[in-house]
A.B. asks: 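Please read through the structure below; I'll follow up with questions.
First the proteins, then the strands, lettered A, B, ... as listed; each starts at 1.
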There are 2 protein chains.
Amino acid sequence: MGSRKTVMRAGTRARRQSILSAALDCFTRFGLASTTVEDICRESGASIGSLYHHFGSKEGVASGVFIDGIQRLNADLVKKLKRRKSAEAGVRLVVTQYCDWVTKHPDLARFLLHSRDIAFPDAARAELKRIHRDYIVEVFSWFAPFVTAGDMKRLPPDTYVPIISGPIQDYTRNWLAGQSQSSPVEVKGIFADAAWAAMRTVR
Amino acid sequence: MGSRKTVMRAGTRARRQSILSAALDCFTRFGLASTTVEDICRESGASIGSLYHHFGSKEGVASGVFIDGIQRLNADLVKKLKRRKSAEAGVRLVVTQYCDWVTKHPDLARFLLHSRDIAFPDAARAELKRIHRDYIVEVFSWFAPFVTAGDMKRLPPDTYVPIISGPIQDYTRNWLAGQSQSSPVEVKGIFADAAWAAMRTVR
DNA sequence: CCTAATCTAGAATGAGATTCTAGTAAAACG
DNA sequence: CGTTTTACTAGAATCTCATTCTAGATTAGG
């Protein structure tokens, strides 16, 4: 994870990365619970000692994959959000961009959506909290002016993300689990409509 | 789970129930991954052999808790839904009743929200599928007339549940994890508004 | 009664996560 | 350059459980 106090050697980044991508591969094929540390070592070419040196535990590896993924997802959204000019365009973007991202990275998305509840190590929990806070600050400061201007409802801060993103995430989880026919891309307009209907002010 | 082919003896129901409630207790205190089968045996007074006789595996116990909980949640909703008379009242009820239920059964709700992704045994998966199908049929047949009458939007079937229930479930998950201040009961009006705004037709 | 099925018990097994010890290689420092 | 410190690799040994197995107890049916 980007925040290492100590120096990181040349080959180290590559080794860490090979472990992370082997892990995602195994999680996708066998499921988190059924992949063994040995599986990840075999796939990545790392030794047990090396894996434990870098990640501390199997769940440490999982949290590495998770943090990596969430950072990419967040970064992609923030970048695009800055090009929008209206509250409606912003709200719709949050929904549609999520659909596009999930379609482009289905394995990673499946892992992110199904691993929310892993008992991550404390260090990882702390870093995730920091990442989430930074993300929320950035997104909220983009939306804030529109709330002030009366384009969007003024609600308790904690309720915006569930209302805007909750439905599409729920749908996507079902879809990735094979329980919905239409791909998120096909229904993204419907969810964008729903999100905007819930957020817009009537004047 | 209500569907046993063979006869069930007198003390058996009590034994199963004691295992289930001990399990929920342990899951709440230690988390699913960290509770051992021995923990559940100690708490419930059952022997290892007895637990395996009744549930087959640790995940079998978890699926028992899950199925029990989801059935109670579903039944409570369906019962109340039948007393409503308008689409708006129905949609609002789905949201507010969920908040009330979660507040009344926080441990069970936490488990239901955080165990969606357990690798349940095949038998349990099948039963859950059946339970969910029955539930969906019942709820949809209640709402169908209002869609036909034009009171609610006509959407792809798979999208109704995420749009109506997704936000409040997401908020509740955060709250149960200690990441939101206001209890669901305090914000249920906001989520009911959002759900109805997303479902209503404008005419 | 008796006998077949359900249920209880807990010791034995085995899979696999984690720890430990020993070493290799790269940087830091003189 | 040595040398010393620190990052890193390796894999055998350990230890924690989930699960299996065998034996016996209890209950229902005939």
A.B. asks: Measure CD1/B:I19 against C1'/C:dA9 and give the value in whole Å, please.
C.D. replies: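 Rounded to the whole Å, the gap is 13 Å.
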A.B. asks: Rounded to the nearest Å, what distance is computed from the CZ atom of residue B:F30 to the C1' atom of nucleotide D:dC17?
C.D. replies: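 About 15 Å, once rounded to whole Å.
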A.B. asks: Where each residue is assigned the nucleotide of DNA chain C containing its nearest heavy atom, which of A:Y52 and B:R15 is assigned the position nearer the 5′ end?
C.D. replies: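 That would be B:R15.
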A.B. asks: Indicate, with a heavy-atom threshold strictly under 4.0 Å, whether A:S34 touches base, sugar-phosphate, or nothing.
C.D. replies: nothing
A.B. asks: For the pair made of NE2 in B:H53 and P in D:dT27, what is the distance, rounded to whole Å?
C.D. replies: 14 Å
A.B. asks: Could you check whether B:R29 pairs with B:D25 (Lys NZ or Arg NE/NH1/NH2 to Asp/Glu carboxylate O, under 4.0 Å)?
C.D. replies: yes
A.B. asks: Which nucleotide in the set D:dC8, D:dC17, D:dT19 lies at the smallest distance from any side-chain heavy atom of B:K58?
C.D. replies: D:dT19
A.B. asks: Can you confirm whether B:L20 sits close enough to B:F55 that some side-chain heavy atom of one is under 4.5 Å from a side-chain heavy atom of the other?
C.D. replies: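 Answer yes - side chains close enough.
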A.B. asks: What integer distance in Å separates A:F55:CZ from D:dT9:P?
C.D. replies: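 Taking CZ of A:F55 and P of D:dT9, I get 11 Å after rounding.
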A.B. asks: Expressed as a whole number of angstroms, how long is the span from B:H54:NE2 to D:dT26:C1'?
C.D. replies: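 Spelled out: NE2 on B:H54 to C1' on D:dT26 is 12 Å.
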A.B. asks: Taking atom C1' of C:dG10 as reference, at what distance in whole Å does atom CZ of B:R42 sit?
C.D. replies: 15 Å
A.B. asks: For B:S50 and for A:E38, find the nucleotide of DNA chain C with the closest heavy atom, then tell me which residue's nucleotide is more 5'.
C.D. replies: B:S50
A.B. asks: Quick one: which of C:dA17, D:dA18, D:dT20 gets closest to the side chain of B:I48?
C.D. replies: D:dT20
A.B. asks: Report yes if some heavy atom in the side chain of A:L73 is under 4.5 Å from a heavy atom in the side chain of A:L108; otherwise report no.
C.D. replies: no
A.B. asks: Could you check how far CG of B:D39 sits from P of D:dA18, rounded to whole Å?
C.D. replies: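 The distance from CG of B:D39 to P of D:dA18 comes to 8 Å, rounded to the nearest Å.
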A.B. asks: OP1 or OP2 of D:dA7 versus the side-chain N and O atoms of A:T12: is any pair under 4.0 Å?
C.D. replies: no
A.B. asks: Has B:S47 got a side-chain N or O lying under 4.0 Å from the OP1 or OP2 atom of C:dT8?
C.D. replies: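 It does not, given that no N or O in the side chain of B:S47 lies less than 4.0 Å from OP1 or OP2 of C:dT8.
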A.B. asks: Looking at A:R72 and A:D76, does any basic side-chain N land under 4.0 Å from a carboxylate oxygen?
C.D. replies: no
A.B. asks: Charged N to carboxylate O below 4.0 Å: is that the case for A:D107 and A:R110?
C.D. replies: yes
A.B. asks: How close or far is atom P of C:dA17 from atom CG of A:L32, stated in whole angstroms?
C.D. replies: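 Going from A:L32 (CG) to C:dA17 (P), I get 10 Å.
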A.B. asks: Given D:dC8, D:dT19, C:dT18, identify the nucleotide with an atom nearest to the side chain of A:R9.
C.D. replies: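 That would be D:dC8.
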